[in-house]
A.B. asks: 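Here it is, the structure, as structure tokens.
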Amino acid sequence: MYKLLVIEDDKMMSEMLSMYMSGEGYEIKQAENGEQGLKLLASFDPDVVLLDLMLPDWDGTELCIRMRRQSSVPIMIVSMKSEVSERVQALRAGADDYLCKPFSMHELSARVEALIRRSRLMQAGAAGERPEEGGPDAEKEIKLDAERRLLLVRGGFVETTFSEFEIMKLFLSHPGKVFTREDLINAIRGFDSFVTDRAIDVHIVNLRRKIEKNPKEPHYIRTVWGVGYKYVTEVEAPH
């Protein structure tokens, strides 16, 4: 049984979320403010967190940052705030997904399942064997395990969101090709319902932090001004 932590100050909404997801087989704990949420994050050790942005004690984005400092648990924002700036801020704070109220409970359940699946694959990959020295593509610093949806960077597995993984899959499949933001939006549509030009830029910034030795001077993911982005191979990239 997977565990779900609901951090929501609206008691009716919290009960509705808890009742539905409990019916889907989840063990549920509820918190009505950020302080309770942080305590339950440590004691309950949930598999997914549903987090409202408007809490009585803390701003939900700030709480997301604090939670990310102590855990890699998948975080889904569920909020009435639908502005692009709010969504971008939540993504930058470490959220994995964002769902605007009102929403379909069926969609919520599907998204939670997807977050858990990705998290379990990452854990399995981190505990698995590393590529054999001298094996195929051993010289490559950045590789993709498409079957298990894992990104390998310099011998270690790096956690990515679904959208980040889809972008990297496209880049690695077409090294040197310039992709517009619209190209990247089309590539990840269906995995991330919130996809805008600004969101693509956020995903790129996050990917650079994860794969580049110096994100401020990226070697792999290059900006093509006025067009979009391209991925440069190890052969082309200076070290």
A.B. asks: Should R208 and E217 count as an ion pair when the cut-off is N to O under 4.0 Å?
C.D. replies: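 Salt bridge flag = no for E217 with R208.
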
A.B. asks: Taking NZ, NE, NH1 and NH2 as the nitrogens, is one of them in R111 or E107 under 4.0 Å from a carboxylate oxygen of the other?
C.D. replies: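 Looking at E107 together with R111, the answer is yes, because their closest N to O distance falls below 4.0 Å.
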
A.B. asks: Are any of the side-chain nitrogens in R66 or E62 under 4.0 Å away from the carboxylate oxygens of its partner?
C.D. replies: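 Looking at E62 together with R66, the answer is yes, because their closest N to O distance falls below 4.0 Å.
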
A.B. asks: Can you check whether L51's main-chain N or O pairs, donor with acceptor, with E8's side chain at less than 3.5 Å?
C.D. replies: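 Between the backbone of L51 and the side chain of E8 there is no qualifying donor-acceptor contact (under 3.5 Å).
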
A.B. asks: Is a side-chain N or O of S43 found less than 3.5 angstrom from the main chain of K39, in a donor-acceptor match?
C.D. replies: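 Pair found, side chain donor or acceptor close to backbone of K39.
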
A.B. asks: In this structure, are over 12 heavy atoms from other groups packed under 6.0 Å from M105 atom CE?
C.D. replies: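 Result for CE/M105: enclosed.
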
A.B. asks: Can D96 and R68 be counted as an ion pair, charged N to O under 4.0 angstrom?
C.D. replies: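 Between R68 and D96 there is a salt bridge, with a charged N closer than 4.0 Å to a carboxylate O.
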
A.B. asks: Would you give the length of the straight line joining atom NZ of K81 to atom CD of Q89, rounded to the nearest 0.5 angstrom?
C.D. replies: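 Taking NZ in K81 and CD in Q89, the distance rounds to 8.0 Å.
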
A.B. asks: Salt bridge (Lys or Arg N to Asp or Glu O under 4.0 Å) with E27: which residues, sequence neighbours excluded?
C.D. replies: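 For E27 there are no salt bridge (Lys or Arg N to Asp or Glu O under 4.0 Å) partners, ignoring immediate neighbours.
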
A.B. asks: Going only through I, L, V, M, F, W and Y residues with side-chain contacts under 4.5 Å, is there a path from M13 to M19?
C.D. replies: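 Shared cluster, no.
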
A.B. asks: Between S18 (side chain only) and S14 (backbone N and O only), is there a donor and an acceptor less than 3.5 Å apart?
C.D. replies: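 A pair under 3.5 Å: yes.
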
A.B. asks: Taking atom NZ of K210 and atom CG of L151, what is their separation to the nearest 0.5 Å?
C.D. replies: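 Reported value, rounded in 0.5 Å steps: 8.5 Å.
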
A.B. asks: Is there a donor-acceptor pair under 3.5 Å between the side chain of Q36 and the backbone N or O of E32?
C.D. replies: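 Judged by distance alone, yes, a pair lies under 3.5 Å.
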
A.B. asks: Quick check: does any side chain N or O of D47 sit under 3.5 Å from a backbone N or O of I116, one acting as donor and the other as acceptor?
C.D. replies: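 Not confirmed, D47 side chain does not pair with I116 backbone.
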
A.B. asks: Are H106 and Y20 close enough that a side-chain donor and a side-chain acceptor fall under 3.5 Å?
C.D. replies: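 The answer is yes; a qualifying pair exists.
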
A.B. asks: Hey, are the side chains of V6 and K29 touching, using non-hydrogen atoms and a 4.5 Å cut-off?
C.D. replies: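 V6 does not reach K29 side chain to side chain.
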
A.B. asks: Any heavy-atom pair between the side chains of L50 and L4 that's under 4.5 Å?
C.D. replies: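 Yes, close enough: below the 4.5 Å cut-off.
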
A.B. asks: Please lay out, stage by stage, how Y220 and E141 fare under the test side chain to side chain donor-acceptor pair (under 3.5 Å).
C.D. replies: CA-CA 10 Å; Y220 294 102; E141 289 196 342; 2.7 Å; yes

A.B. asks: Decide yes or no for F179 and F171: does some side-chain heavy atom of the first lie under 4.5 Å from some side-chain heavy atom of the second?
C.D. replies: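 Yes, close enough: below the 4.5 Å cut-off.
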
A.B. asks: With sequence neighbours left out, what residues match D201 under salt bridge (Lys or Arg N to Asp or Glu O under 4.0 Å)?
C.D. replies: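 So D201 forms a salt bridge (Lys or Arg N to Asp or Glu O under 4.0 Å) with R181.
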
